[in-house]
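Below is one structure, written out as structure tokens, with a few remarks after it.
Owing to the predicted nature of the structure, the values given are computational and were not obtained by experimental measurement. Start at 1 with the first residue, then count along the sequence.
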Amino acid sequence: MSPSPAPRPWRRLLDRWQGVLLTLVVGVATLWLAATGQLVLYIHPRYDVFTVVMIVIGMTLSLATLAFSPVRGDDAHDGHDHDAGHDHDHDHDGRLDAAEVPAVEDGLRPRRRRPVATGARRLAFSVGVAVTAAVAIAVVALPPATLTSATAGQRDVNSSTAALDRTTVADATGASSDAYRSFSVLDWAGLLRQTTDLAFYEGKTADVVGFVTPSDTDPDDVFYVSRFVITCCAVDAQPVGVPVYLPGWQDQVAADDWVEVTGGFDTNRSSSSQDPVALVPDDVTTVGQPSDPYLY
């Protein structure tokens, strides 16, 4: 049986270094996101510098591995002259000389490459190359996107109690009208969770920006002006929102639209909504997504 052909040099190099190449691809993508200000779509801004430093260290070590790793003997001989290497003396009948027959010790024959092992190796190589190429293409071709109302619905709006404790009723009681207008979705969502006393909300005007998330219990009359609150990264992002009572809101805006809503608070007139107090809008305006869409 004739021996299996040796892998081509470029294929052998890719087989050995595809993990390192994948690390470099991810590193370059992360640095690009940081340089363009889009890394905040994935992690909390306080971790930006740490992430960039660790990526630079990782890429430096990967490049050092490529530069200083010793070359195996079989790689060094991939480009040898096969004609010269196979210039052996053969008998005219095609048989090898006795000196050229591999020695058999203790009844063991020379190990031959098994077809199954070779096929598995080729499959692993192909999968590795496909993953590396897919990551590189995705980074270049697919722009980073923010979390949507679908994610908010899956994680339940205002389900995180920790995120809603930043602004208390005591802190807000003595605030000025200008201060109330500067309150974010997170501030108002926290206050609505802490108190349903309409006397507290009397005379207070909210001016909030967020994306539209339909109410689970009354999607026809109520939607949430929503934002995601990030503690570490997008994986742990929790949705918060201010309920807006506006029957037929679908005629003005759609789910995931970014809107600015101004108005006061009153009893939620929805018969099925679980929010006793809702924002009754004076104005709903469609706006662009903020450069930093998350709250912290």
Side-chain angles (χ1 to χ4, degrees), residues 18-59 61-62 127-128 130-167 184-190 192-193 208-216 223-243 254-259 274 287-296:
Q18 59 187 353
V20 175
L21 294 176
L22 182 58
T23 300
L24 293 175
V25 168
V26 173
V28 170
T30 304
L31 294 179
W32 175 77
L33 290 172
T36 56
Q38 299 181 87
L39 191 58
V40 294
L41 298 179
Y42 298 96
I43 62 174
H44 194 291
R46 66 168 169 251
Y47 299 119
D48 280 3
V49 175
F50 172 79
T51 301
V52 169
V53 170
M54 297 308 296
I55 285 294
V56 170
I57 293 175
M59 293 180 66
L61 294 176
S62 298
V127 170
V131 170
T132 303
V135 171
I137 293 173
V139 168
V140 175
L142 300 179
T146 59
L147 300 176
T148 64
S149 62
T151 308
Q154 295 169 359
R155 300 183 184 182
D156 295 329
V157 177
N158 296 334
S159 62
S160 175
T161 56
L164 299 173
D165 293 338
R166 187 175 70 175
T167 301
S184 68
V185 167
L186 178 59
D187 296 319
W188 285 117
L192 288 169
R193 189 182 185 92
V208 290
V209 174
F211 62 90
V212 175
T213 301
S215 169
D216 290 335
F223 70 88
Y224 290 95
V225 182
S226 308
R227 299 287 283 266
F228 279 96
V229 179
I230 288 184
T231 303
C232 177
C233 61
V235 175
D236 64 26
Q238 295 297 321
V240 297
V242 175
D256 291 322
D257 281 353
W258 280 85
V259 295
Q274 297 178 349
V287 297
Q289 177 181 293
S291 57
D292 190 354
Y294 300 132
L295 302 176
Y296 309 98

Closest heavy-atom pair and its distance - M59, L24 = O-CD2, 3.9 Å
Contact check, side chains of L41 and P293, non-hydrogen atoms, under 4.5 Å | yes
Closest non-hydrogen atom pair between R193 and N158, with its separation = NH1-O, 2.7 Å
Are F211 and F228 close enough that their ring centres sit under 6.0 Å apart?
-> yes
The residue among T213, V208, V240, V212 that forms side-chain contact (heavy atoms from CB on, under 4.5 Å) with V225 is V208
Would a 4.5 Å heavy-atom cut-off, applied to side chains only, mark V185 and V209 as touching?
-> no
What are the two closest non-hydrogen atoms of A189 and V242, and how far apart are they?
-> N-CG2, 4.0 Å
Would you say the side chain of L31 lies within less than 4.5 Å of the side chain of V56, judging by non-hydrogen atoms?
-> yes
Could you tell me the separation between the CD1 atom of I55 and the OG1 atom of T30, rounded to the nearest 0.5 Å?
-> 4.0 Å
Go through the side-chain N and O atoms of T51 and D48 and say whether any donor and acceptor fall under 3.5 Å apart.
-> no
Is the count of non-hydrogen atoms from other residues, nucleotides or ligands lying under 6.0 Å from Q289 atom CD greater than 12?
-> yes
Can you see which heavy atom on I230 is nearest to which on Y296, and at what distance?
-> O-CD2, 3.7 Å
Is R155 reaching over with its side chain to a backbone N or O of A237, donor-acceptor style, under 3.5 angstrom?
-> yes
Y294 (side chain) donor-acceptor with L147 (main chain) under 3.5 angstrom | yes
T231 to Y47 - nearest heavy-atom pair and separation | O-CE1, 4.1 Å
Shortest non-hydrogen separation from V52 to A34 and the atoms involved = CG2-CB, 3.7 Å
Residue pair P290 / W258, side-chain heavy-atom distance below 4.5 Å | yes
